[in-house]
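Input: a single structure, listed below in structure tokens.
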Amino acid sequence: MQLVVARIGRAHGIKGEVTVEVRTDEPELRLGPGAVLATEPSSIGPLTIETGRVHSGRLLLRFEGVTDRTAAEALRNTLLIAEVDPEEVPEDPEEFYDHQLIDLDVVTRAGTEVGRISEISHLPYQDLLVVQRPDGSEVLIPFVSEIVPEIDLEEQRAVIDPPPGLLDDSQAEIASSREDS
């Protein structure tokens with residue numbers, strides 16, 4: 001099975017390095033020197049990582065055959081894809097691969113059916129579960145332990161404890177209001 005593990009950003013310096021937006025919880029495993037990665041678009045790859053380092057909090061990679069800034073800039077926005085055994089699971093029991101979460105049924109702690117996870121949206125500060133409701137609408141659920149306390153892969157369900165207003169706007173609590181002056 002193929003997993004997107006990173007997106008190439010802009011070139012860094014003049015020797016072919018690129019910044020990388022990491023999309024895996026295991027960059028040391030997936031993005032180490034010698035790793036051969038498929039690409040999207042596929043015409044660019046496969047790419048073999050020659051070196052990697054962290055600079056100012058960002059991962060920088062250099063690929064075999066990419067030796068200057070022009071070649072590095074041509075890779076911008078390319079997705080890096082790793083081949084992963086479908087039976088492989090993350091080391092941390094609190095981590096999940098996207099394919100493990102897609103199609104899980106979502107229910108509240110009280111047992112109310114919410115819908116089914118259709119995709120995972122990876123944002124810079126947290127991930128969101130995109131849940132397709134039975135009526136066809138979607139709801140975005142922050143994938144944090146306070147709101148999603150349980151993922152049960154055997155039962156194929158995610159249990160949520162939604163704050164007021166997450167599932168029904170009419171139940172939203174107003175934290176403060178402004179008075180007209």
Side-chain angles (χ1 to χ4, degrees), residues 1-104 106 117-131 138-151 153 158 160 162-163 166:
M1 171 180 38
Q2 295 187 323
L3 293 176
V4 174
V5 293
R7 184 182 65 80
I8 298 175
R10 55 180 222 235
H12 179 83
I14 60 171
K15 296 183 180 178
E17 285 185 310
V18 293
T19 60
V20 184
E21 175 189 311
V22 177
R23 295 189 180 175
T24 176
D25 289 335
E26 302 167 316
E28 63 285 342
L29 176 66
R30 309 274 182 229
L31 299 171
V36 179
L37 302 167
T39 61
E40 181 58 45
S42 59
S43 59
I44 292 175
L47 293 173
T48 302
I49 297 174
E50 187 173 286
T51 63
R53 66 186 177 104
V54 176
H55 175 73
S56 298
R58 296 211 58 131
L59 179 60
L60 301 178
L61 296 179
R62 180 179 297 130
F63 299 99
E64 289 180 6
V66 179
T67 58
D68 61 26
R69 185 176 184 87
T70 302
E73 193 60 44
L75 299 175
R76 192 173 195 161
N77 293 321
T78 298
L79 296 177
L80 299 175
I81 303 165
E83 191 65 38
V84 177
D85 180 347
E87 300 301 313
E88 184 180 323
V89 295
E91 290 179 22
D92 184 342
E94 296 295 312
E95 292 180 4
F96 303 93
Y97 292 134
D98 288 5
H99 73 273
Q100 294 175 293
L101 301 173
I102 300 296
D103 287 334
L104 291 185
V106 178
I117 298 173
S118 61
E119 72 179 276
I120 315 302
S121 179
H122 299 282
L123 301 177
Y125 297 104
Q126 75 182 25
D127 295 334
L128 292 174
L129 302 177
V130 180
V131 177
E138 286 183 343
V139 61
L140 302 176
I141 306 208
F143 192 29
V144 295
S145 59
E146 294 80 19
I147 297 174
V148 187
E150 181 184 345
I151 298 289
L153 296 178
I160 65 169
L166 183 64

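Keep in mind that what you see is a predicted model, and the values were worked out from it rather than measured.
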Nearest non-hydrogen partners of [X] and [Y], listed with the distance:
X: Ile102; Y: Ser118; value: CD1-O, 3.6 Å
X: Pro162; Y: Leu166; value: CB-CD2, 3.8 Å
X: Pro46; Y: Val36; value: CB-CG1, 4.0 Å
X: Val148; Y: Pro142; value: CG2-O, 3.6 Å
X: Ala82; Y: Val5; value: CB-CG1, 3.8 Å
X: Thr48; Y: Gly34; value: CG2-O, 4.0 Å

If I take atom [atom1] from residue [X] and atom [atom2] from residue [Y], how far apart are they, to the nearest 0.5 angstrom?
X: Leu140; Y: Leu128; atom1: CG; atom2: CG; result: 5.5 Å
X: Ile81; Y: Leu37; atom1: CD1; atom2: CG; result: 9.0 Å
X: Glu64; Y: Thr51; atom1: CD; atom2: OG1; result: 10.0 Å
X: Leu79; Y: Ile8; atom1: CG; atom2: CD1; result: 8.5 Å
X: Ile117; Y: Asp103; atom1: CD1; atom2: CG; result: 9.0 Å
X: Ile49; Y: Leu61; atom1: CD1; atom2: CG; result: 5.0 Å

Test log, rule side-chain contact (heavy atoms from CB on, under 4.5 Å), inputs Leu129 and Val106: CA-CA 10 Å; Leu129 302 177; Val106 178; 5.6 Å; no

Intermediate values then yes/no, side-chain contact (heavy atoms from CB on, under 4.5 Å), Leu80 and Thr39: CA-CA 5 Å; Leu80 299 175; Thr39 61; 4.2 Å; yes

Thr19 vs Leu60 side-chain heavy atoms within contact, under 4.5 Å: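 Heavy-atom side-chain distance check passes, below 4.5 Å.
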
Side-chain heavy-atom pair Val18, Val20 within 4.5 angstrom cut-off: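 They are in side-chain contact.
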
Test applied, side chain to side chain donor-acceptor pair (under 3.5 Å); reference residue, Glu17; option that passes from Arg69, Arg53, His55: Arg53

side-chain contact (heavy atoms from CB on, under 4.5 Å) between Leu75 and Leu47, worked out: CA-CA 10 Å; Leu75 299 175; Leu47 293 173; 4.3 Å; yes

For [X], enumerate each residue passing the salt bridge (charged side-chain N to carboxylate O under 4.0 Å, His left out) test, keeping only those at least two apart in sequence or located in another chain.
X: Glu73; value: Arg76
X: Arg7; value: Glu21
X: Glu150; value: Arg157

Neighbour count >12 (heavy atoms, 6.0 Å) for atom CD1, Ile14: no

